[in-house]
Amino acid sequence: MLLQGILPVLPTPYGDDGAVDPVAMRALIEFAIGAGVQGMVFPGFASEVEALSDDERISLMRVVVEANAGRVQLIAGASAATIEAVVRFGREALDLGIRYLMIQAPKEAGTQADEVTAFFRAIADQLPGMEIVLQNAPLPRGSDLDPETLLTVVSNVPAITYVKGETLPSGPAISVLQANPPPHLAGIIGGGGARYVIDEYERGACGTMPALELADLHVQLDRAWRSGDKVRARNLYSRSLPLLLLQAVYRMHLTKHVLTRRGVIDTTIVRAKGPKPDAMAIRDIDSWLAEAADIFTLAPIAQRVGEPA
């Protein structure tokens with residue numbers, strides 16, 4: 001099966017005690033699959049991966065595999081600061097039956113084509129049979145590889161079968177890769193929270209990896225696009241933008257707030273650093289969420305607009 005369509009990055013749920021909550025993780029997976037997603041990613045930036053211990057990361061990946069039970073494709077996030085750590089996470093994923101690894105080259109690997117190529121070749125050599133989704137994230141978190149460097153790296157590492165393009169603007173890199181794709185490149189996947197998904201799809205992206213909270217809306221958008229109904233796809237995109245623009249600021253706080261409003265999880269605890277919405281921002285988020293409620297196909301909003309979560 002190829003990777004395509006809506007492939008959300010699962011958030012990490014926490015209980016009231018701040019510990020990871022495997023029961024809530026199962027609820028998130030059922031929500032995603034019920035929405036009709038074609039695959040799921042864990043862990044990624046939207047999973048607060050940098051705030052997870054190695055044991056938490058691995059234990060939750062096992063929960064994801066068990067709860068998914070082979071229903072949709074899984075992509076394991078394996079990014080780490082060293083080749084050794086990436087390979088360790090990759091072997092864990094392989095043991096769980098996952099074939100796709102999403103990996104970002106760390107800054108320590110450099111930004112020159114030969115340096116990044118050497119990094120990915122070393123990983124591919126130690127994980128034969130795995131397919132790599134090269135995550136090209138923007139600064140300051142990512143390496144922000146330019147399109148030509150990205151094309152060179154992908155061309156020289158056959159194990160890289162997908163690219164997740166998140167540098168801004170994301171469109172030109174997609175066009176460069178699409179213009180002269182290496183034969184082993186199966187597709188280019190959009191990122192950036194699906195804030196640029198129409199442009200990415202117009203340029204040939206095969207899917208996108210947004211956060212989870214609007215999964216049913218994003219699935220409808222993707223299906224409309226693939227069926228040729230671009231008018232409906234663009235309308236759904238426009239309806240999503242107010243929330244996605246707020247998500248760009250509040251990140252996991254918004255994701256978890258919306259998921260509690262939609263009755264999927266019970267807590268909004270976030271470990272990752274970043275601005276937390278105040279009471280006025282919450283009212284704004286709730287207002288836009290209520291305006292989009294008629295589009296949702298799953299999990300009705302749990303509380304009235306403005307009511308504390």
Side-chain angles (χ1 to χ4, degrees), residues 8-21 24-25 28 31 41-53 56-57 60 77 79 104 106-107 135-144 164-170 190-197 208-215 217-218 237-293 301-309:
V9 181
L10 298 173
T12 297
Y14 306 108
D16 290 328
D17 59 358
V20 297
D21 185 345
M25 178 61 86
L28 292 170
F31 173 78
V41 183
F42 185 84
F45 291 147
S47 313
E48 302 175 73
V49 62
E50 293 157 331
L52 297 175
S53 70
E56 289 173 328
R57 183 171 170 167
L60 283 177
S79 296
Q104 174 191 295
K107 294 179 183 177
Q135 182 177 15
N136 188 30
L139 294 170
R141 180 174 258 164
S143 299
D144 213 356
K164 181 189 181 187
E166 295 190 285
T167 56
L168 298 178
S170 59
R195 284 182 285 277
Y196 314 101
V197 64
T208 188
M209 290 181 179
L212 180 62
E213 67 270 17
L214 304 182
L217 186 159
H218 284 138
Y237 174 63
S238 297
R239 297 282 301 276
S240 75
L241 277 178
L243 285 166
L244 295 184
L245 291 174
L246 287 164
Q247 183 205 74
V249 176
Y250 296 114
R251 307 286 294 175
M252 283 70 79
H253 288 288
L254 183 141
T255 292
K256 292 183 177 181
H257 174 78
V258 172
L259 287 168
T260 59
R261 286 289 198 237
R262 301 195 65 189
V264 185
I265 58 175
D266 296 325
T267 69
T268 59
I269 296 171
V270 171
R271 290 182 185 174
K273 295 179 180 179
K276 184 177 180 179
D278 62 9
M280 186 171 288
I282 290 292
R283 287 196 295 273
D284 189 32
I285 293 166
D286 284 349
S287 176
W288 289 115
L289 183 60
E291 288 196 24
I301 297 172
Q303 287 109 352
R304 295 187 299 275
V305 173
E307 185 174 295

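When a residue number appears, it is its place in the shown sequence, counting from 1. Computation of the quantities below employed the complete heavy-atom set of this structure, encompassing side-chain atoms and omitting hydrogens, waters and symmetry-equivalent molecules.
Salt-bridge check for Lys256 with Glu48: passed, with a basic side-chain N closer than 4.0 Å to an acidic carboxylate O. Ion pairing between a basic and an acidic side chain is recognised when a charged N comes within 4.0 Å of a carboxylate O; Lys273 and Glu50 show no such pairing.
The minimum heavy-atom distance linking Ala137 with Gln104 is given by the pair CB-OE1, 3.2 Å. Shortest non-hydrogen contact noted between Thr255 and Gln247 is OG1-NE2, 3.9 Å. Closest approach of Pro275 and Val249 over heavy atoms only: CG-O, 3.3 Å. The two residues Ile282 and Pro277 come nearest to each other via the heavy atoms CD1-CG, 3.8 Å. Looking at every heavy atom in both residues, Thr260 comes nearest to His257 through OG1-O, 2.6 Å. The two residues Ile269 and Gly18 have their closest heavy-atom pair at CD1-N, 4.4 Å.
Here the side chains of Arg262 and Val258 are in contact, with some heavy-atom distance below 4.5 Å. Contact annotation: the side chain of Leu254 approaches that of Glu213 to within less than 4.5 Å [non-hydrogen atoms, C-beta and beyond]. Put simply, the side chain of Leu10 does not reach to within 4.5 Å of the side chain of Val41, judged on heavy atoms. Using a 4.5 Å cut-off on side-chain heavy atoms (C-beta onward), Leu168 and Tyr196 make contact. A heavy-atom distance below 4.5 Å is found between the side chains of Leu52 and Arg271. You'll find the side chain of Ile265 stays beyond 4.5 Å of the side chain of Phe31, heavy atoms only. Inter-residue side-chain proximity for Val49 and Arg57 is flagged as met; some heavy-atom pair is nearer than 4.5 Å.
Remark: the backbone N or O of Ser170 is not paired with any side-chain donor or acceptor of Thr167 at under 3.5 angstrom. When atom types are taken as modelled, the side chain of Arg239 and the backbone of Leu217 share no donor-acceptor pair closer than 3.5 angstrom.
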- [ ] Go through the steps for Val264 and Leu212 under the test side chain to side chain contact (heavy atoms under 4.5 Å, CB included), then give the verdict.
- [x] CA-CA 11 Å; Val264 185; Leu212 180 62; 5.9 Å; no

Open item on the list: Please determine whether salt bridge (Lys or Arg N to Asp or Glu O under 4.0 Å) holds for the pair Glu166 and Arg195, giving the CA-CA distance in whole Å, both sets of side-chain angles, and the decisive distance to 0.1 Å.
Closed with: CA-CA 11 Å; Glu166 295 190 285; Arg195 284 182 285 277; over 6 Å; no

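By the neighbour-count criterion of 12 heavy atoms within 6.0 Å, atom NZ of Lys276 is sparsely surrounded, having that number or fewer from other residues, nucleotides or ligands. Other residues, nucleotides and ligands contribute at most 12 non-hydrogen atoms within 6.0 Å of the CG atom of Asp16. Environment of CG in Asp144: crowded, with over 12 heavy atoms of neighbouring residues, nucleotides or ligands closer than 6.0 Å.
Applying the side chain to side chain contact (heavy atoms under 4.5 Å, CB included) test between Val9 and each of Ser47, Pro210, Pro43 identifies Ser47 as the sole match.
In this structure, the separation between CZ on Phe42 and CG on Leu28 is 10.0 Å, given to the nearest 0.5 Å.
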